[in-house]
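Predicted model only: the values in this text are computed from it and were never measured.
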Amino acid sequence: MDELRQLAGRLIMVRLSGTELDDDSAAFLRTNRIRAACLFRQNMTDGAQLTRFTGALREAFGAGALIALDQEGGAVVRALWVPPPPAAMGIGATGDPALARDVGAAVARAVKSMGFNWNFAPVLDLNNNPLNPVIAERSFGADPERATELALAWMAGSESEGVACCVKHFPGHGDTHVDSHRDLPTVDKSLEELERFEFAPFRRAAPHAPAMMTAHIVYPALDPVLPATMSRPILTGLLRERMHYRGVIITDGMDMHAIALRYEAGDAAVNALLAGADMVMALGSRATQEATLDAIAAAIADGRLARTEVEAKLARLDRLAGLHPAGAVPYPTEDADRALMAEAWRRGLSARGNPQRPAPGSRLRLVARQDVVSDGVSEAGVPAERIAASLATLYDVDLVTFADADAFDWDSLPRDGRFTVLASTSRRRYGPHPCATWKPDLHLALWNPYQALDIDAPALMTYGFAAPALETVNAWLRGEIEATGRCPVPGF
């Protein structure tokens, strides 16, 4: 059974705790021949520490190591100190494939310098649902042709620097009202609608993408029971046979509630592999990872997972790792990449309505949320105090924060003639009360552009809240740039 557990170990990706590889974890990885890990924000403090960590992982994994992270851009980035890429929709607002390629290449150079060889990006989901709680600005837009062109350019840039991309979330997470981290969504569209919209980017990407990530979503037109991650009609029938995809298929995290609240971890992993996945993202606890290894080994032993299929999966994974070897490299272009990212943020800046600049030195009131906690997918937003400090370089700023948008009384603000700016710093859409009663002079939508539709005010949309976003807003306020981006989704 040890040999079978080691075969199973080659088919799973694990999550690790802490910022160093401890002896116990290293022994677990080596004993089970695990070759893949995904690192998250809690695994990172700075570049030197992270490079040591990935180096230790590479040594423990041995040949064929796959060391991954989510460095999409915008709010979904894990290494916060490298040049911050704009969100996909910010690039979509520029409509420039050459810029998309340059940004993808710069992201790859940054993560490769720290030892990563696999980036779970770009997003191929088409966001045509303004109420989508988890995709929004992570998508390049709503038009299949335009968004796919930009995503493939971004991916080509990454590939040119030797970092494998993983497009996601097959076969499409854009038109959901539910976050699969929280529950199991359903996309109940006809096959004709799915083919025309959701499937289109993945079909076009199939000859080029080194890896695809599955969606924990039920698509009744293809499989009325199982989510795509565990559906053979979707992963094998649609992706492998009809789209002729030959790259790696990896599941999204199997600890997400869409899966973990409905299926036992080992059964879910086996079902995903039987459906056609090559690698299971076993991001739960050590106990969950042990159960996953045992279940996969048992499925190989009793023939449910045929050895020929296992070997085919391993060959695809080996090819991915062989073409994109792990290992840190020098990063001489960091300053140039930082300038490139700043320019990309500026070019994506978009306006709705006719926003006016307050005169230099004006008295200004900033209204923003108190909390900026992470939603579990994205990093925490920008604190209100940081926005106030940025604006204070130009204006006399009075900061007012609120805990609950639905309870905040806009009429309680002093009527003292200050120019009032609302800064939106979460992905959450506004409810009926703020939509009906809030009247800022200027709305800075620093995350989800759809929030600009909620508030009856002229708006600037940055598609993210990294430092270059605030610098871009200030450049606009100083009159140095115009908002030349065009939001690439309906309604704007």
Side-chain angles (χ1 to χ4, degrees), residues 10-13 35-39 54 58 61 63-73 76 85 88 97 100-101 103-112 114-125 140 147-172 199 201-215 228-229 235-236 238-253 272-273 276-281 311-327 329:
R10 308 301 281 173
L11 299 174
I12 75 167
M13 171 173 278
R35 53 106 60 88
C38 185
L39 300 187
T54 60
R58 183 182 177 215
F61 290 152
L66 292 166
I67 305 174
L69 82 170
D70 297 285
Q71 194 81 352
E72 295 176 15
V76 183
R101 191 184 194 283
V103 169
V107 171
R109 287 191 289 268
V111 301
K112 190 174 177 65
M114 297 176 290
F116 293 95
N117 60 340
W118 203 2
N119 187 7
F120 292 148
V123 166
L124 278 185
D125 305 316
F140 285 92
T148 305
E149 182 182 18
L150 294 170
L152 293 185
W154 198 103
M155 185 174 68
S158 180
E159 187 71 25
S160 73
E161 297 293 337
V163 175
C165 284
C166 181
V167 298
K168 56 191 183 185
H169 307 80
F170 181 81
F199 298 171
F202 295 97
R203 185 180 300 281
R204 186 170 162 193
H208 311 289
M212 289 196 188
M213 183 182 291
T214 68
T229 293
L235 298 191
T236 296
L238 175 61
L239 185 53
R240 289 286 188 214
E241 295 174 358
R242 287 168 51 195
M243 294 188 181
H244 307 292
Y245 182 60
R246 297 295 176 259
V248 165
I249 301 175
I250 184 170
T251 74
D252 207 341
L273 293 171
D278 299 308
M279 178 164 273
V280 173
M281 201 182 300
E311 293 300 329
K313 296 176 191 299
L314 293 175
R316 284 188 285 267
L317 291 163
D318 288 344
R319 174 174 170 77
L320 181 73
L323 291 173
H324 310 87
V329 298

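Inter-residue side-chain proximity for Cys165 and Pro122 is flagged as met; some heavy-atom pair is nearer than 4.5 Å. Between Leu11 and Leu317 the shortest side-chain heavy-atom distance falls below 4.5 Å. In this structure, Ile250 and Thr214 have side chains that are not in contact, with every pair of non-hydrogen atoms separated by 4.5 Å or more. Between Arg319 and Pro210 the shortest side-chain heavy-atom distance does not fall below 4.5 Å.
Checked by atom type, the side-chain pair Glu159/His208 shows no donor-acceptor distance below 3.5 Å.
With hydrogens and angles ignored, the 3.5 Å screen pairs a side-chain donor or acceptor of Ser158 with a backbone N or O of Val163. Between the Arg35 side chain and the Ala63 main chain, no donor and acceptor come within less than 3.5 Å of each other. One N or O on the side chain of Thr229 and one on the backbone of Ala215 form a donor-acceptor pair closer than 3.5 Å. Without hydrogens or angle criteria, Lys313 side chain to Val248 main chain gives no donor-acceptor distance under 3.5 Å. Not one N or O on the side chain of Lys168 forms a donor-acceptor pair closer than 3.5 Å with the backbone of Leu124. Of the possible polar contacts, none joining the Tyr245 side chain to the Phe202 backbone as a donor-acceptor pair under 3.5 Å is found.
One distance of note links CG of Leu69 with CE of Met114; it measures 7.0 Å at 0.5 Å rounding. Note: Arg240 CZ to Leu238 CG = 11.5 Å, rounded to the nearest 0.5 Å. Taking CE from Met281 and CD1 from Ile12, the interatomic distance works out to 12.0 Å, rounded to the nearest 0.5 Å. In this structure, the separation between CG on Asp252 and NE2 on His169 is 5.0 Å, given to the nearest 0.5 Å. To the nearest 0.5 Å, atom CE of residue Met243 and atom CZ of residue Arg203 are 4.0 Å apart. Here Ile67 contributes atom CD1 and Asn119 contributes atom CG; the two are 13.5 Å apart, rounded to the nearest 0.5 Å.
Residues Ser160 and Ala105 come closest through the heavy atom pair OG-CB, 4.1 Å. Shortest non-hydrogen contact noted between Gln71 and Val107 is O-CG1, 3.6 Å. Scanning all heavy atoms of the two residues, the minimum distance from Leu320 to Ala164 falls at CD1-CB, 3.7 Å. Closest of all the heavy-atom pairs between His324 and Asn117 is O-ND2, 2.7 Å. For Ala209 against Val167, the heavy-atom pair with the smallest separation is CB-CG2, 4.0 Å. Between Pro97 and Leu150, the closest heavy-atom pair is N-CD2, 3.5 Å.
Partners of Phe116 according to the ring pair (Phe, Tyr, Trp, His ring centres under 6.0 Å) rule, which considers only residues two or more places apart in sequence or in another chain, do not exist here. With sequence neighbours excluded, no residue satisfies ring pair (Phe, Tyr, Trp, His ring centres under 6.0 Å) with Phe61. Every residue meeting the ring pair (Phe, Tyr, Trp, His ring centres under 6.0 Å) condition with Phe120, not counting sequence neighbours, appears here in chain and number order: Trp118.
The number of heavy-atom neighbours closer than 6.0 Å to CZ of Arg204, taken from other residues, nucleotides and ligands shown, is above 12. Within 6.0 Å of CZ in Arg10 there are more than 12 heavy atoms belonging to other residues, nucleotides or ligands.
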Using the rule given for side-chain contact (heavy atoms from CB on, under 4.5 Å), can you reason through Val103 versus Trp154, listing the C-alpha separation, both sets of side-chain angles and the distance that settles it, and then say yes or no? CA-CA 7 Å; Val103 169; Trp154 198 103; 3.7 Å; yes
Using the rule given for side-chain contact (heavy atoms from CB on, under 4.5 Å), can you reason through Met213 versus Thr251, listing the C-alpha separation, both sets of side-chain angles and the distance that settles it, and then say yes or no? CA-CA 5 Å; Met213 183 182 291; Thr251 74; over 6 Å; no
Asp278 and Leu314: CA distance, side-chain angles, deciding distance, side-chain contact (heavy atoms from CB on, under 4.5 Å) verdict: CA-CA 7 Å; Asp278 299 308; Leu314 293 175; over 6 Å; no
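Shown are Arg109, Lys112, Arg101; of these, the salt bridge (charged side-chain N to carboxylate O under 4.0 Å, His left out) with Glu161 is made only by Arg109.
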